[in-house]
Structures are given as structure tokens and as C-alpha cells.
Amino acid sequence: MSAATIDAHPRTAVTNRATLTADLGAVAANTRTIAAHAPGSALMAVVKADGFGHGAADVARTALAAGATRLGVTSVDEALDLRSAGVGAPILSWLNPADADFAAAVAAGIDLAVPSRAHLDAVAAAGSATAPGGPAAGAGPARVHLHLDTGLARDGAPPAEWARLCSAARLAEQRGLIRVDGVMGHLACADVPSDGSNATGRTRFAWGVEVARSLGLRPPHRHLAATAATLTDPRTHHTLVRVGAGLFGIDPSRTVRLRPALTLTAPVVTVRRVRAGTPVGYGHAWTAPETTHLGLLPLGYADGLPRAASGRAEVLVRGRRRPLVGLLSMDQAVVDLGDDEVAPGEIATVFGPGDDGEPTAADWAGWAGTIEHEIVTGIGPRVTRERVAAPAVLRRVR
Ligand SMILES: *Cc1c(COP(=O)(O)O)cnc(C)c1O
């Protein structure tokens with residue numbers, strides 16, 4: 001036990017709520033920038049995982065107003081949530097078990113990706129149930145996008161099953177149960193444009209489209225590119241590009257300047273003065289080399305600060321970068337404020353667009369050995385969400 005704390009009662013702040021602010025002005029600007037890179041193609045805004053942590057419905061409305069014409073999500077539940085929020089644009093849902101509630105999806109006008117015969121049969125059955133005159137009359141045939149595995153071995157039909165899937169889809173289309181609206185693929189290594197697997201993926205996709213045509217399908221939408229391919233390779237654009245990360249300022253190919261849209265702030269909850277030699281936090285992983293002030297932030301790995309960033313991460317307080325010291329805990333982090341008389345209640349910026357010298361999500365990803373996507377999607381439910389329409393997020397939260 002160390003008795004090196006000088007203040008008997010550390011000074012404390014009145015609030016301990018951290019705030020995550022999504023800058024919808026940045027999302028709009030990024031949407032326009034990306035649309036300009038694929039002028040001949042329609043733009044699908046991918047708003048899965050609550051819009052990459054930025055708020056799915058708000059991001060959807062913003063992207064639609066800025067040039068996107070469709071939305072993409074993983075599960076039917078995510079799509080239905082958007083409908084419940086009043087979003088009426090076309091939505092494609094691409095990751096579901098074959099026994100998902102496709103009837104509810106079709107009734108809500110959700111387009112469905114079909115990666116297998118089992119999915120096709122289930123979606124066709126949902127299409128018949130909701131066909132005009134059917135039990136849930138009105139929605140008509142289910143609109144599907146046949147999904148070909150173009151190289152991830154993750155989702156999508158393997159090439160060996162593709163022709164049979166296309167034939168069965170054509171039959172279901174002729175029976176009025178479905179309408180094949182699209183063919184889709186996905187690239188494994190688009191963030192590295194020179195990677196040879198990109199050419200393989202493009203070739204396989206072109207083959208898949210040709211097989212579909214030869215079997216009588218005429219899908220108006222053909223889509224392969226996500227953010228990185230959209231920004232680097234027009235040969236992947238086809239009729240539609242599916243863009244998620246880029247909307248939020250993340251360019252996996254690091255070729256285009258986009259604007260980060262998320263800012264995470266937290267009040268300094270308490271400040272204490274400690275003597276040189278005071279060990280701090282679990283495992284005493286850090287010891288104060290000299291007398292200093294330590295601020296406590298009400299954020300930890302349960303709130304999305306990766307513990308792997310311990311010992312490297314910094315935050316901005318009073319216009320200066322300051323190190324987080326010791327191991328990041330589940331609920332709290334300690335910032336070394338040095339000699340500055342920072343008061344409880346002053347705001348620390350954990351990450352933001354970087355305009356004022358604060359760390360970015362990319363910095364955090366580097367400190368933790370991960371990618372920005374994991375940082376922005378990982379912020380936990382204890383953090384208050386705010387949205388601003390104007391670009392000046394930091395001005396507002398300060
Ligand atoms: C997430 C996802 C996208 C969007 O990818 P980004 O790189 O974030 O633009 C596109 N397609 C599929 C199938 C996805 O899962």
C-alpha cells in the first residue's frame with residue numbers, strides 16, 4: 001500500500017458521462033466525395049452496426065440527402081429498425097440464417113441477399129406468402145440479390161454452386177415468387193489495390209454475372225466494390241457501389257482524404273496530486289517519475305477504449321496531448337496532467353477529427369494494433385450519443 005497521495009480528498013466533478021458526437025456534416029461531405037469517385041454508379045450507404053457507431057437512421061438520412069440512393073445492412077433486424085425509424089429508401093440485407101423472418105422483411109419491402117439454395121427457397125416461400133392475394137397481400141415478389149463468393153470464403157455462394165443457384169432463381173422468378181434485382185460479390189484485399197486477389201475477384205464476378213445472364217436473369221444491379229475499391233479501382237464499380245467506412249471518414253486504401261465524423265469526449269472526474277514514485281492502477285504498471293497531477297476519466301475498455309492501447313494512448317486536455325498512464329481499466333482511465341491545474345469537469349477529447357491536435361480514431365487503432373473500424377464501432381452503451389448537423393463538432397462540445 002502506498003501512502004503517496006498528497007490530497008486526502010481529490011477534487012471531483014459533477015458529471016461522469018462521456019459523450020460520443022457524430023458529425024453528420026462530415027458524413028454528408030464524405031458521401032459527396034465518394035459519389036464523385038464513382039460518377040457512373042449508384043451509391044449504397046452501408047449503415048450496419050448502428051451506422052458504424054454513428055447512429056444508423058441519422059446516417060441513412062444524411063447519406064440519402066447527399067447522393068446515396070439505397071442502404072445496406074447485415075441482418076433483417078437492422079433493416080426493420082430503419083423502417084421503424086421511418087426510413088423508406090431501398091434497403092438490402094445480406095447476412096441472415098436461412099430461417100430468418102424473410103416474410104417480415106418482404107412485407108417491409110426489404111431486399112434480401114441470397115447466398116444459397118436454402119436461402120432462395122426460404123425467400124421464395126416468403127415471396128409467395130406476401131404476393132398480391134397471398135396471406136400478407138401487398139408486397140409482391142421478394143427482391144433478391146444473388147451473392148457470389150468472389151474470394152473471402154465467408155459469405156456468398158461458392159462458384160461450384162453458382163449456376164444451380166442462378167437456375168433455381170430464374171425458375172422462382174418465372175413463378176412470380178422473387179425478382180432477381182442484383183448480383184453481388186465482395187473483395188478480400190481491396191485495401192491493397194496491387195494485391196493479385198483483386199484481379200481474381202473481378203474476373204470471378206464478371207464470370208458470375210455472365211452465368212446469370214446466360215441462364216436468363218437480367219439483374220439491373222451488379223455490385224462488387226466497398227469503400228477501398230470504390231476509391232481506387234473503377235473496374236469494380238459496375239452499376240452500384242456499397243460504401244460503409246468511407247462515409248465515416250475511414251479510407252482503408254489511404255488514398256483519399258475523408259473527414260472523421262466521430263468525437264469522443266469525457267469530463268475529468270477527479271484530479272489528485274501524487275508524489276514521485278507513486279505506482280498507479282492495476283499491476284502498478286506505471287509509476288509517477290515525478291510529482292504530478294493525475295486526472296481520472298470515466299471511460300475504460302467496457303466503453304470501447306482498447307486495453308491493448310495501455311501505455312501508448314493519449315488524450316487532449318486544455319489544448320495539449322497528455323498520456324494515459326498505467327493499464328486501462330474496465331471503467332476508468334488515468335491521464336497524467338503534469339503541473340497543469342486542470343479542474344474536475346474539464347473536458348478531455350479522447351478522439352476526434354484531429355483539427356485541434358486531439359488523437360484520431362486512427363491513432364487509437366495504431367496504439368491498439370487494430371483498424372479504425374474497430375475503434376468507432378466499439379464504443380459502449382454507457383456513453384451518451386449526440387449528433388450535430390454542422391461540421392464544427394469540437395466547437396460545440398468544448
Ligand atoms: C461492410 C460491408 C461493406 C462496406 O464495406 P466498407 O469497406 O466499410 O465500405 C460492403 N459490402 C459488404 C458485404 C460488407 O459486409
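A quick note: this is a predicted structure, and the numbers were derived from the prediction, not measured. Counting starts at 1 for both ligands and their atoms, in listed order.
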Problem set entry | Smallest separation among heavy atoms of Phe102 and Pro97, with atom names | CZ-O, 3.6 Å
For this session: Taking all non-hydrogen atoms of both residues into account, name the closest pair between Arg143 and Gly109 and its distance.
Result: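 Nearest pair, atom of Arg143 first, then Gly109: NH2-O, 3.1 Å.
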Pairs of donor and acceptor atoms involving the side chains of residues 65-77, under 3.5 Å and at least two apart or interchain, shall be tabulated with distances.
residue: Arg70; atom: NH2; partner: His221; partner atom: NE2; Å: 3.2
residue: Thr74; atom: OG1; partner: Glu78; partner atom: OE1; Å: 2.4
residue: Ser75; atom: OG; partner: Glu78; partner atom: N; Å: 3.1

Exercise. Which ILVMFWY residues can you reach from Leu152 by hopping between side chains whose heavy atoms are under 4.5 Å apart?
Worked result: none
Problem set entry | Side-chain cluster (under 4.5 Å, hydrophobic types only) that Tyr282 belongs to, other residues |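 Direct or chained contacts put Tyr282 with Leu327.
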Exercise. Ring centroid separation for His119 and His147, is it under 6.0 angstrom?
Worked result: no
Between ligand 1 and the protein, tabulate every N or O atom pair separated by less than 3.5 Å, reporting distance only.
residue: ligand 1; atom: 8 (O); partner: Ala245; partner atom: N; Å: 2.8
residue: ligand 1; atom: 9 (O); partner: Thr227; partner atom: N; Å: 2.9
residue: ligand 1; atom: 9 (O); partner: Thr227; partner atom: OG1; Å: 2.5
residue: ligand 1; atom: 9 (O); partner: Gly244; partner atom: N; Å: 2.8
residue: ligand 1; atom: 9 (O); partner: Ala245; partner atom: N; Å: 3.4
residue: ligand 1; atom: 11 (N); partner: Arg242; partner atom: NE; Å: 2.9
residue: ligand 1; atom: 11 (N); partner: Arg242; partner atom: NH2; Å: 3.2
residue: ligand 1; atom: 15 (O); partner: Lys48; partner atom: NZ; Å: 2.8
residue: ligand 1; atom: 15 (O); partner: Trp94; partner atom: NE1; Å: 3.4

